[in-house]
Amino acid sequence: MIDSVKKNPARWAAAMALLVTSLQAGAQTAPKFLDAQASDPITMGWMTGSPPPADKMIQFADGSFRKFPQIRWSFSNYRQFVPTSNVAHGTGPVSVLPVAPRQDIDGVSFQVMGSGETMSWAQSLGANYTDGIVVLHKGRIVYERYFGALKPQGSHIAMSVTKSFIGTLGAMLVAEGVIDENALTSTYVPELKDTGFGDVTVRQLLDMTTGIKYSENYANPKAEIFDHTRAGGVTPRPPGYEGPKSFYEFLLTIKKEGAHGQAFAYKTVNSDALGWVIRRATGKSIGENLQERIWSKLGAEQDAYFTIDSTGTEFAGGGLNASLRDMARFGEMMRQGGRYNGQQIVPQKVVADIRNGAGKAEFAKAGYKTLAGWSYRDMWWVSHNEHGAYSARGVHGQAIYIDPKAEMVIARFASHPVAGNPANDPTSLPAYHALAKHLLAHPQ
């Protein structure tokens with residue numbers, strides 16, 4: 001079967017379209033899948049044996065590492081499939097996360113968005129194929145659960161939660177005067193002058209209001225997202241592939257399609273362009289910047305790591321892997337205005353700017369039905385709800401959700417079979433808000 005597909009370029013393109021659905025951000029419908037319990041990766045026995053039998057093997061070359069239900073194992077073992085670079089947690093002591101478990105969280109109930117169905121917090125974990133979740137309240141762990149292949153000492157792919165780390169780095173450099181947000185991207189990366197990014201400002205990259213030609217429509221095998229992921233080695237390349245062989249090479253192919261600065265349009269390639277700007281402006285990779293400016297200062301428990309392309313360039317659009325508790329530490333740092341572990345890590349004005357969000361009207365043009373009234377600032381999703389909540393979001397259910405009013409941070413890793421967050425938002429966002437209200441009403 002694989003050989004026959006390889007000999008037919010059209011069939012190969014169609015196959016790749018299916019294999020990379022895990023990057024999709026807009027899927028609304030999906031066929032029936034095994035539920036969370038039936039698809040438990042340990043029960044299913046993925047990658048057990050020396051070597052594993054053929055029906056339990058997960059590999060990069062055939063794309064199975066990005067298919068459901070295999071993702072329930074591979075998302076917690078990403079380093080086994082692609083090259084990576086390290087983001088060291090440093091030599092300092094681990095910052096303390098006090099533990100004060102609450103027994104009343106599983107019973108918190110909420111109305112599922114759009115249906116009126118009542119669901120409990122505990123039920124939502126299975127509905128969203130949760131791999132791990134940590135809830136901090138006033139800096140203390142009040143709830144922590146792990147499922148399937150993810151363990152407290154393990155790492156998980158963060159997908160597009162990565163973008164919020166990159167956007168924060170970019171905003172920090174703007175605040176420090178290292179990068180001018182009003183300067184053209186090509187000021188820092190002259191190679192982009194004759195591309196669609198040539199007249200894009202850094203601010204437009206940060207807020208994703210670029211008018212570049214780039215589609216993430218996975219129903220179209222010719223969409224630019226396929227070229228992007230193949231170039232960076234995120235998905236397998238077909239035999240005889242002659243396209244771009246790195247993220248930077250792919251950026252040079254981007255064309256302009258419309259006016260910049262007019263509307264929010266979620267395009268992963270903007271993050272890689274910002275990553276190139278950061279590298280040029282600082283002389284250091286985004287991994288080195290993350291390590292020095294944030295990760296080593298958090299008192300993280302573990303190293304994080306980035307997936308990288310053939311030139312060693314990190315995937316700024318979605319390649320960060322980390323532990324769940326360290327994700328929670330990052331969220332707690334943001335909740336406290338950028339201050340954590342006894343130091344100001346992110347300038348307070350950067351956090352305030354993110355929390356204020358951007359233009360709702362520009363955001364509304366993207367048509368996100370589950371995010372009505374939201375905006376997007378510095379690669380963070382801002383709810384503008386009564387609690388001022390904002391979030392880092394990644395496909396398949398990755399999230400860092402920060403509720404300043406409730407003094408609550410939620411970090412979640414998941415392996416939902418449908419990539420686009422509209423599939424899990426109805427049972428995630430109302431659950432987060434219900435828990436925030438519960439914590440406010442029942443402080444301990």
Side-chain angles (χ1 to χ4, degrees), residues 78-79 81-92 155 157-181 183 185-192 195 197 200 202 205-206 208 228-234 244-252 254 267-298 300 302-323 326-327 330 333 345-347 350 378-379 392 394:
Y78 225 71
R79 208 163 211 170
F81 302 102
V82 293
T84 62
S85 62
N86 216 48
V87 180
H89 68 285
T91 58
S155 295
I157 181 72
M159 298 297 182
S160 289
V161 167
T162 306
K163 293 180 173 70
S164 297
F165 284 85
I166 305 307
T168 301
L169 285 173
M172 290 171 68
L173 292 167
V174 168
E176 295 169 12
V178 176
I179 292 176
D180 179 358
E181 66 180 345
T185 299
S186 55
T187 301
Y188 299 96
V189 187
E191 294 94 325
L192 294 176
T195 74
F197 288 113
V200 168
V202 173
L205 283 181
L206 283 162
M208 289 213 190
H228 186 183
T229 57
R230 283 192 291 263
V234 177
K245 295 180 174 61
S246 71
F247 290 120
Y248 290 170
E249 284 187 22
F250 174 72
L251 289 172
L252 298 178
I254 294 296
K267 299 174 180 180
T268 292
V269 71
N270 288 317
S271 299
D272 286 295
L274 178 61
W276 201 352
V277 169
I278 290 173
R279 184 156 198 165
R280 281 291 173 82
T282 64
K284 298 177 181 179
S285 72
I286 58 172
E288 291 170 323
N289 273 285
L290 179 60
Q291 176 179 310
E292 294 176 11
R293 292 174 171 271
I294 296 176
W295 208 251
S296 64
K297 296 182 178 181
L298 285 174
Q302 301 179 43
D303 292 353
Y305 63 89
F306 270 104
T307 61
I308 56 174
D309 67 12
S310 59
T311 69
T313 299
E314 303 96 338
F315 182 24
L320 184 65
N321 291 252
S323 77
D326 289 336
M327 285 287 179
F330 177 69
M333 178 269 294
I345 298 174
V346 175
V350 168
D378 291 331
M379 300 190 179

Donor-acceptor contact present, side-chain D309 to main-chain F247, <3.5 Å: yes
Exercise: identify the closest heavy-atom pair between N289 and K284: ND2-O, 3.2 Å
Minimal non-hydrogen separation, F250 against A231, with atom names: CB-CB, 3.8 Å
Contacts under 3.5 angstrom, residues 271-279 side chains, donor-acceptor by atom type, not counting sequence neighbours:
| from | atom 1 | to | atom 2 | distance (Å) |
| --- | --- | --- | --- | --- |
| D272 | OD1 | A316 | N | 3.1 |
| D272 | OD2 | H228 | NE2 | 2.9 |

Shortest non-hydrogen separation from G318 to I157 and the atoms involved: O-CD1, 3.5 Å
Distance, nearest 0.5 Å, that separates OG1 of T187 from CZ of R280: 12.0 Å
Separation between CG of D378 and CG of L205, rounded to the nearest 0.5 Å: 11.5 Å
Rounded distance [0.5 Å steps], CG in N270 versus CD1 in I254: 9.0 Å
OH on Y188 to OG1 on T282, rounded to 0.5 Å: 11.5 Å
Steps toward ring pair (Phe, Tyr, Trp, His ring centres under 6.0 Å) verdict (F306, F315): CA-CA 7 Å; F306 270 104; F315 182 24; 9.1 Å; no
Side-chain donor or acceptor of S296 paired with backbone N/O of H89 under 3.5 Å: no
Considering all heavy atoms, the nearest T195-L252 contact: CG2-O, 3.5 Å
F197/V269 under side chain to side chain contact (heavy atoms under 4.5 Å, CB included): CA gap, chis, key distance, verdict: CA-CA 10 Å; F197 288 113; V269 71; 4.0 Å; yes
Heavy-atom closest pair, residues W295 and D303: NE1-C, 4.0 Å
salt_bridge(R293, E288) N-O dist < 4.0 Å: no
Side chain to side chain contact (heavy atoms under 4.5 Å, CB included) between L298 and I345, intermediate numbers included: CA-CA 8 Å; L298 285 174; I345 298 174; 3.9 Å; yes
Any donor-acceptor pair under 3.5 Å from E249 side chain to K245 backbone: yes
Nearest-0.5 Å distance, CG of residue L192 to CG of residue L251: 6.0 Å
Under 3.5 Å: donor-acceptor pair, side chain of Q291, backbone of A88: yes
Modelled atom types, side-chain donor and acceptor of K163 and T268, under 3.5 Å: yes
Side-chain (S164) to main-chain (M379) donor-acceptor, under 3.5 angstrom: yes
Under 3.5 Å side-chain donor-acceptor pair for S155 and N321: no
Contact summary for D326 and A300, nearest pair of heavy atoms: OD1-CA, 3.3 Å
Between CG on residue L320 and CD on residue E314, distance to nearest 0.5 Å: 10.0 Å
